[in-house]
Each structure stands twice: as C-alpha cells, then as structure tokens.
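The structure under discussion appears below in the form of structure tokens.
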Amino acid sequence: MPQLALANSFWQSYDVLGKPVKSGVRKAMEKFQQLTIAELYANKGLHLESVNNARHPRMRTIRITDFWRGVVLATDDDSDTFLLLLPADPGS
C-alpha cells in the first residue's frame, strides 16, 4: 500500500495551520494507507496530479481542502511512498 511520509520541513508549516487544514492532512494520509497507487490517481477527492511546468518531474499536488493543496514528491525507486513537502497556501 502507498504511504504518505512527511518531510521534516513540513512540521514548520503544520503548526500554524487551521483545524480544517490539519484535518485534511490527516484524511489525505488515511487515503494513502487505504488505496492503491492507481486508486490514488483516480480518486476525485484527493485529486493527486502532476504539476505542469514543475521544476522536478516527480512533483505532484493533492487536495487537502477545497482551498488548500499539498505539494508531494513521488518516488523514483518504484516504492509506494510519497513525501508531503508542505501545504500550499492559496493566498501565496
């Protein structure tokens, strides 16, 4: 099963997030534990997708809430681990 790992830098952002965003992060982690890779990409709620014109081809985003997305890095070693780098503030 896929896993969503949290980067050390993620925690600096996490402490200042509101409860709905923190809840969305927990729900995203649960989906990564419950679904296969194919199901993650097909899941309309999570909406795991590649980033157009990203600096790195492994960059993806996931839906945290209706207004927040998480920036994740897909692995390149065929493992099922994604690294959540940070929540993307819709205001920045």
Starting at [atom1] of [X], measure out to [atom2] of [Y] and round the result to the nearest 0.5 Å.
X: Leu48; Y: Thr61; atom1: CG; atom2: OG1; value: 7.5 Å
X: Arg69; Y: Leu46; atom1: CZ; atom2: CG; value: 8.0 Å
X: Gln33; Y: Asp80; atom1: CD; atom2: CG; value: 12.5 Å
X: Ser9; Y: Leu83; atom1: OG; atom2: CG; value: 7.5 Å
X: Leu6; Y: Met29; atom1: CG; atom2: CE; value: 4.5 Å

Might you point out which heavy atoms bring [X] and [Y] nearest each other, and give the distance in Å?
X: Pro2; Y: Thr36; value: CG-C, 3.8 Å
X: Pro20; Y: Thr65; value: O-CG2, 3.7 Å
X: Lys22; Y: Asp15; value: NZ-O, 3.9 Å
X: Ala54; Y: Met59; value: CB-CB, 3.9 Å

### Task
Evaluate the salt bridge (Lys or Arg N to Asp or Glu O under 4.0 Å) criterion for residues Glu49 and Arg63: first the C-alpha distance (whole Å), next the side-chain angles of each, then the deciding distance (0.1 Å), finally the verdict.
CA-CA 9 Å; Glu49 64 183 3; Arg63 180 178 292 137; over 6 Å; no
Is a side-chain donor or acceptor of [X] paired with a backbone partner of [Y] at a separation under 3.5 angstrom?
X: Arg60; Y: Phe82; value: no
X: Glu30; Y: Lys27; value: no
X: Arg58; Y: Ser50; value: no

### Query
Considering residues, nucleotides and ligands other than Glu39, do more than 12 of their heavy atoms fall under 6.0 Å from its CD?
yes
### Message
Ile62 vs Phe32, test: side chain to side chain contact (heavy atoms under 4.5 Å, CB included). Steps then yes/no.
### Response
CA-CA 11 Å; Ile62 57 174; Phe32 271 82; 4.3 Å; yes
### Query
Trp68 and Trp11: same hydrophobic cluster, using ILVMFWY side-chain contacts below 4.5 Å?
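Trp68 clusters together with Trp11.
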### Task
Walk me through it: do Val25 and Leu84 pass the test side chain to side chain contact (heavy atoms under 4.5 Å, CB included)?
CA-CA 9 Å; Val25 170; Leu84 180 57; 4.2 Å; yes
